[in-house]
Amino acid sequence: MKRKLLFRVIAIVLPFLLLGLLELVLRWCHYGYDPRLFIPYPQDARYLVFNPDAGKRFFSDQLLATSGNAEPFLRKKEDGTLRIFVLGESTTIGYPYFHNGSAHRWLQYRLMRTFPSKKFEIINVSLTATNSYTVYGFAKELVDYEPDAVLIYCGQNEYYGALGVGSTNQIGGNPLLVQTVLSLRHLRLFQFFTRAYQACFQRASDKDKAGKTRMELMVGEQHIPYGSTLYLRGIAQFQRNINATLALFSDRHIPVFLSNLVVNEKDQPPLSESPQAHQYYQQGINAYARGDFGAAKALFDAASDWDELRFRAPGTLNTLIPQLCSAYPNARLVDTKAAFEGASPHGILGRELILEHIHPNLEGYAYMGDAFYRALKQAGIFHPDSGQELGFETLLRDMPLTKVDSLTGAYKVLNLKSSWPFGQGLPKDSLKLNSEEEELAFSMTFRHMPWDQAMCDLYDYYMKEHELTEAGRVMEALALDHATEAAYAEKAANIYGELQDNEKAIFYFQHAFALHPSFDKARDLFVLELKADQPEAAQPFLDYAMKNNTSGMNLEPVKFYTNQVIEYKKSLSMARGDTTLLMQIAQAYRKMGNEEGAHKYEQMAAHSER
Amino acid sequence: MEFMKDLFLFLRTRKKFWMLPLIVLLLLMTLLVILTSVSAIAPMIYSVF
């Protein structure tokens, strides 16, 4: 009897064992994809990087899955490093510019310039075509990677994004089923079943769709009327997922910064044919024309809400976001919307800052980055000195963006607008390409030229044309995009050295030195610091160069006179304008060969005597 | 050896004990695969080029 019971138990357990064994075999054969959020960085084992396959589990059809940025960060976080993760969708990753156009790169550049000696790791794990399900899914994994802050911009893809209520009608409204499927997609066995199903049935159905575009196929099903069940389910989905995300960060005491959303109000007519939406939009246009801007804004917002093609977030989400933030002490609202309104005529958002329905232009991304910067500063994540801080105007001037970045964005939007649901752009054949920048932007947009290659070609072109300032900007762009590679930063430093821009040369040499210290970089740095009359700043690099002297140069006299200058300057701070001290500093600088420093103090002495 | 032989005989004669859970599991997985087979399409307009 006992043996019979044992056999029954074994018989029931057996299929589970068989499936487990199959799972192990599939993993052993490297079948399917690895769904982990981060994987070891192939070029350097000390780093981790966003897994290009991490988004696959959110997409039923793997061919449609998107991949994101590759921004390596140290596996073992170094002391003093500020590590920030960024979660969201296409706007968060900087569509249509990507790379340095996105808000997080504006933030990164500003932080790097404001705190040149501090280490920042800003890792963007956003994906196009995803929504709050992906944000929550990724949040669950990234809490284990020691974030100092998490930034979120999400809500525009709630209906049609991966697993959204408008994309997967069968389970989109059922969070339990969605979470079950997301968990199961970690299993290679489930991945195997999905592929097998798609191979058997979806190819057949694809034949039925021949001759129609994807957009045409879905348009009939995707109209979501204002206030309908599906509309409300989309809002509930956002609320549930973002609430769970904030609760997760709250439990781990991680500061989280959630932004409200911006949409094109004035210059984007409704994308659907909804008569109500078009009526509101026309009334908005009329109100704007007669100068009734308050009414115009309300009417434009109503037009967006009544637009049945929900490519723009419903206005309700901007009411929900502050409520969600206020429920958690570690969550803070980032008021991007107010920043955009402040920079738009009459506070109504339009083409001044937004390219099409939702994606900001480069200036818009600058404002978004600024909104996050101010929120982080207000929360005490960093504390800049007022003299040290890179102001917004300087940021707009200095941000390393090229003409190619700007043109690529313009071409991509033109291409986007030529198809459904816009249907108003120009065909690519109509573009006239008269410059190297236009040629490269066109190649990036339509011929799949990688950004890195376009930048390298652009750099070569500017060097050939002796346009050193532009070449420096390109090299800065590459250094920002490859924040862990010293070579680009060193090249940028050399160009700015040639341009006699010592401030930027020092900044990039410091950055390169921090990543990969060497005698040459240390020598360049102490020379530049002494030229800039910063002997204290020169000291550590001088010490490093002396300890790692590979050149045979005698640096003892430089060290001796540097110490002398430091002492004289201390005395000078107590006896301002003392001519003897000024001349002593000038002599010390001259003896070490620093003519610029000597000249500066000789002039000061002459001025003081007068 | 005797034990394994008896177990094998048991499994061969009482197929429902191990086949039923297996079929249920496979059916459940298939159902979930079918339910999630409609993919997000619309926002792909941002990444197709």
Side-chain angles (χ1 to χ4, degrees), chain A residues 3-4 7-8 10-16 18-19 58-61 64 66 89-90 95-96 128-131 157 159-164 166-171 177-178 180-181 184 189-190 193-194 196-198 201-202 214-215 217-218 222 309 311 359 412 415-416 419-420 445-446 448, chain B:
Chain A
R3 179 173 262 217
K4 204 170 176 182
F7 283 175
R8 282 182 182 176
I10 290 173
I12 292 167
V13 170
L14 191 67
F16 294 95
L18 280 174
L19 292 175
F58 298 93
F59 291 83
S60 302
D61 187 342
L64 296 178
T66 54
E89 49 209 24
S90 57
Y95 176 90
T128 55
T130 61
N131 53 35
N157 285 348
Y159 290 93
Y160 307 130
L163 297 167
S167 68
T168 50
N169 289 329
Q170 291 97 326
I171 68 160
L177 265 180
V178 171
T180 307
V181 168
L184 282 171
L189 198 61
F190 195 76
F193 271 99
T194 309
Y197 171 80
Q198 284 170 351
F201 300 102
Q202 288 202 332
R214 279 175 174 164
M215 302 307 131
L217 286 164
M218 57 167 287
Q222 298 302 319
L309 277 174
F311 287 101
H359 300 107
K412 282 185 180 175
N415 193 32
L416 173 76
S419 57
W420 184 89
T445 310
F446 300 108
H448 304 288
Chain B
M1 202 60 203
E2 187 70 21
F3 176 83
M4 293 303 286
K5 204 174 160 185
D6 290 348
L7 177 64
F8 181 74
L9 277 171
F10 178 85
L11 292 175
R12 208 171 67 171
T13 49
R14 306 283 180 88
K15 288 192 182 78
K16 69 174 179 193
F17 276 100
W18 59 275
M19 278 188 86
L20 199 66
L22 189 66
I23 289 166
V24 169
L25 273 176
L26 294 180
L27 275 175
L28 272 175
M29 276 208 214
T30 312
L31 187 71
L32 283 173
V33 167
I34 293 167
L35 283 175
T36 54
S37 64
V38 180
S39 316
I41 300 171
M44 293 312 298
I45 50 176
Y46 308 137
S47 55
V48 290
F49 44 84

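Quick note on labels: first sequence line is chain A, next is B, and so on, each numbered from 1. Heavy atoms only: backbone and side chains are in, while hydrogens, waters and symmetry mates are out.
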- Task: Taking heavy atoms only and a threshold strictly under 4.5 Å, list by residue number the residues of residues 9-16 of chain B that touch chain A; give 'none' if the list is empty.
- Result: B/Phe10, B/Leu11, B/Arg14
- Residue part contacting chain B, namely of A/Leu184, when any heavy atom lies under 4.5 Å: side chain
- Contacts of A/Ile10 that satisfy side-chain contact (heavy atoms from CB on, under 4.5 Å) - sequence neighbours left out: A/Leu6, B/Phe3, B/Leu7
- Task: Could you tell me which non-hydrogen atom of A/Ala11 sits nearest to which non-hydrogen atom of B/Trp18, and how far apart they are?
- Result: O-CB, 2.9 Å
- CZ on A/Phe193 to OG1 on B/Thr30, rounded to 0.5 Å: 5.5 Å
- pair A/Leu14-B/Leu22: side-chain heavy atoms closer than 4.5 Å: no
- Query: Between atom CG of B/Leu26 and atom CG of A/Leu189, what is the distance when rounded to the nearest 0.5 Å?
  - Reply: 8.0 Å
- Message: What part of A/Leu18 gets within 4.5 angstrom of chain B, counting heavy atoms only: side chain, backbone, both, or neither?
- Response: neither
